[in-house]
2 protein chains.
Amino acid sequence: MKHAGSSIPAGSRVAAGVADAGFAHAALIALDWGTTSLRAYLYDADGHVLATRASTAGIMNLPRSAEQGGFDAAFDDACGAWLEQASGVPVIAAGMVGSAQGWLEAPYVDAPANADALVAGIVRVQAASGATLHIVPGVLQRGELPNVMRGEETQIVGALSEDASAAKTAASGQRALIGLPGTHAKWAVVQAGRIERFHTFMTGEVFAALRKHTILGRTMVTPDRPDTEAFLHGVNIAREKGQAGMLATIFSARTLGLTGQLAGDRQPDYLSGLLIGHELSGLEAVLTQQQESLATQSLRLIGNEALCERYRLALARFGCTRVELVKHATERGLWRVACQAGLVKPAAQPARAG
Amino acid sequence: MKHAGSSIPAGSRVAAGVADAGFAHAALIALDWGTTSLRAYLYDADGHVLATRASTAGIMNLPRSAEQGGFDAAFDDACGAWLEQASGVPVIAAGMVGSAQGWLEAPYVDAPANADALVAGIVRVQAASGATLHIVPGVLQRGELPNVMRGEETQIVGALSEDASAAKTAASGQRALIGLPGTHAKWAVVQAGRIERFHTFMTGEVFAALRKHTILGRTMVTPDRPDTEAFLHGVNIAREKGQAGMLATIFSARTLGLTGQLAGDRQPDYLSGLLIGHELSGLEAVLTQQQESLATQSLRLIGNEALCERYRLALARFGCTRVELVKHATERGLWRVACQAGLVKPAAQPARAG
């Protein structure tokens, strides 16, 4: 078992000194259980993370099949030792573990949805070891182009939990935009602690498919380090010359190579810039319909830090410079939902966060 | 060797009676030699196709490597028997055989380009059998988003050769749009027999990559027959609700399934409609910049008949109903370029087509 080197404040208040955080103080186990990975967090009663575990036992990558107890095996492997030492500690989980292919389906709750709605949608599954997992549902936005999220809703709750802190209380009633870059990038409009609506862009997965399974990948060479100039060139092309759409602009990753204008090791970052540029152009078009724009937004990003940094650079090209990276949104969100569900009674939680 | 059941008029005039078309009358061998296939045509002096051969010996699929004489082997296999009986007959070829990975590179000629420019760019390679292949170059459009074609330029010349016929002479000076749906769909603006400029949309290849290598394919089932309703629903969504762009709309192929609104066997055609809809929306955006629109276009399509039929349906949703399918554009184009190059002296060619 690995202990976290330092305790991460996941609660909404500034960390009090918890110098000797041991399992005796364990108050919650939380799982971020996705398709290809499983992360487990052990918290004390102040919402500080005492220890973490990570494995590749995502729901599509279990040590054995679901029918043969694959979920139990993965759960025991990640949390068995914690539960032995802190039996009876409540367990919460979010992500694809609650999908139709997961341990137990937690049906989507409809958008708009706040933390209370998520709590109301929690389903419970009993593990072979006797522990009860509380699985947080995803969010569904109905319509002609339905949208779904599973896991991101908990991260968004984590980001919003910051608003409860004194300095940001005033901001919590305003409409804001939260971006979650990744395989399926999400952009959520939030207001007063609610997920109002959201969009999904398959940017990361399309990039991987284009690179590995189309002619564009044939001339690509992996660069030694990220090529920011090529990336931003792609962003600019999508933004300024992208009228014909992504199906047209991506072909330039090949033709710029054929004409000696873009070396093979610059093509991956150029293509990445094109796709992220088209994503942000699409988002801008949606905002325009609502008399808004990226340039006037103050927004937050959640996710891999290097990827969020790329988005920050790309957003600047759209005139959006007020971008904040939210750290530990997953841990914060799981803690917050667990509090809201009454699974833990925080030792000294500010009234409005409870 | 297979003989064509009926002779196809490839020349620009109405077919004269060539009842007993034999190899004694052979005047030209022409090859449409692409990445994954090779098609060979034998013509008489009137430009009628006497016989055809087809094989899978595309330049990336040769019977043996290029270094081991793979091109010669494929050429002999396709045309050896014809050349034995009609030795000295000229040979012309178009397509990827003239690329850097082909038999001999025929450097791109710059757009705007007409048939004369293509003829000036022809390169010659001598086969082991002694025959000389005349390889037609592709066309390059320089700029920030360069574009290239190889093979399509010859098909376009074939489509334009129709304009030389009496009834259409008047139309040949007007600007027109020619679409070539497929793996890499091309849309070319032509005027006075010239390819003025063109766009490439990677529609076919992106569809295949999305279907085979992303989450969208997981819930798809191949339908018994093409589902026109699902296809047109996709076209409409892209056209009317596609502001967020393709990276966003394609996710609906999954979410409409998750919400029980689109069965697995309707998802492939829906996705196809989305992509073709985004392609046409992109084309419309480009036309709008030039104070034109799809609705006012009279355009021609070249390619697989079933695919062109889908494009015709999709174009109608954009208000474009004057759509003509051009048949035998490849055979006509190869014949036309060979005439222009002086490789054949048509028996009774109208003056302006020579």
Side-chain angles (χ1 to χ4, degrees), chain A residues 35 99-100 108 140-148 183-185 187 199-203 205-210 212-216 233 236-238 240-252 254-259 261 275-276 278-286 288-289, chain B residues 35 99-100 108 140-148 183-185 187 199-203 205-210 212-216 233 236-238 240-252 254-259 261 275-276 278-286 288-289:
Chain A
T35 304
S99 69
Y108 293 109
L140 163 66
Q141 178 179 284
R142 300 181 189 274
E144 269 192 303
L145 294 169
N147 253 305
V148 292
T183 304
H184 295 173
W187 284 95
H199 299 274
T200 304
F201 295 85
M202 289 182 59
T203 311
E205 191 172 16
V206 170
F207 176 78
L210 292 177
K212 289 186 206 148
H213 302 291
T214 73
I215 198 171
L216 301 181
H233 182 48
N236 283 343
I237 288 288
E240 292 163 18
K241 311 271 177 184
Q243 295 86 353
M246 198 202 90
L247 290 168
T249 59
I250 55 174
F251 193 55
S252 67
R254 173 168 176 78
T255 57
L256 288 169
L258 284 174
T259 53
Q261 296 172 84
L275 296 200
I276 291 174
H278 279 292
E279 175 186 329
L280 296 181
S281 288
L283 183 62
E284 181 78 304
V286 170
T288 301
Q289 288 184 313
Chain B
T35 303
S99 69
Y108 293 109
L140 164 66
Q141 178 178 284
R142 298 182 190 275
E144 269 192 301
L145 294 170
N147 253 306
V148 292
T183 306
H184 294 174
W187 284 95
H199 299 273
T200 305
F201 295 84
M202 289 182 59
T203 312
E205 192 172 16
V206 169
F207 176 78
L210 291 178
K212 287 185 207 151
H213 302 290
T214 72
I215 198 170
L216 301 181
H233 182 48
N236 283 343
I237 288 287
E240 293 163 18
K241 310 273 177 185
Q243 295 87 352
M246 198 203 91
L247 290 168
T249 59
I250 55 174
F251 192 56
S252 66
R254 174 170 176 77
T255 57
L256 288 169
L258 283 174
T259 53
Q261 296 172 82
L275 296 200
I276 290 174
H278 278 293
E279 175 187 330
L280 297 180
S281 288
L283 183 62
E284 180 78 305
V286 170
T288 301
Q289 288 185 313

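Below, chain A is the first sequence line, B the second, and so on; all start at residue 1.
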Worked verdict on B:Leu280 versus B:Trp187 for side-chain contact (heavy atoms from CB on, under 4.5 Å): CA-CA 10 Å; B:Leu280 297 180; B:Trp187 284 95; 3.8 Å; yes
Chain A contact via B:Gln261 - side chain, backbone, both or neither, heavy atoms under 4.5 Å: side chain
Chain A shares the most heavy-atom pairs under 4.5 Å, among B:His199, B:Gln289, B:Arg254, with B:Gln289
Most contacts with chain A, counted as non-hydrogen pairs under 4.5 angstrom, among B:Thr183, B:Leu140, B:Leu145, B:Thr259: B:Leu145
Among B:Ile250, B:Thr288, B:Val286, B:Thr214, which has the most heavy-atom pairs under 4.5 Å with chain A? B:Thr214
Using non-hydrogen atoms and a 4.5 Å limit, figure out which bit of B:Met246 sits close to chain A: side chain, backbone, both or neither. side chain
Looking at A:His278, A:Arg142, A:Lys241, which has the largest count of heavy-atom pairs under 4.5 Å with chain B? A:Lys241
Examine whether an atom of A:Ile237 lies under 4.5 Å from a heavy atom of chain B, and if so say whether it belongs to the side chain, the backbone or both; otherwise answer neither. side chain
Working to the nearest 0.5 Å, report the span between CD of B:Glu205 and CG of B:Leu275. 12.5 Å
So which of B:Glu279, B:His233, B:Lys212, B:Glu144 has the biggest tally of heavy-atom pairs under 4.5 Å with chain A? B:Glu144
Any idea which of B:Ala185, B:Ala244, B:Ala208, B:Ala209 has the most non-hydrogen atom pairs under 4.5 angstrom with chain A? B:Ala244
All heavy atoms of A:Ala238 vs all of A:Ser281, minimum pair found to be O-OG, 3.8 Å
What orientation do B:Phe251 and A:His184 show, parallel under 30°, tilted 30 to 60°, or perpendicular over 60°? perpendicular
Check whether any side-chain heavy atom of B:Met202 lies under 4.5 Å from a side-chain heavy atom of A:Leu216, and answer yes or no. yes
Spatial distance of atom CZ (A:Phe201) from atom CG (A:Leu283) [nearest 0.5 Å]: 5.0 Å
If we define contacts as heavy-atom pairs under 4.5 Å, which of B:Leu258, B:Thr255, B:Leu247 has the most with chain A? B:Leu247
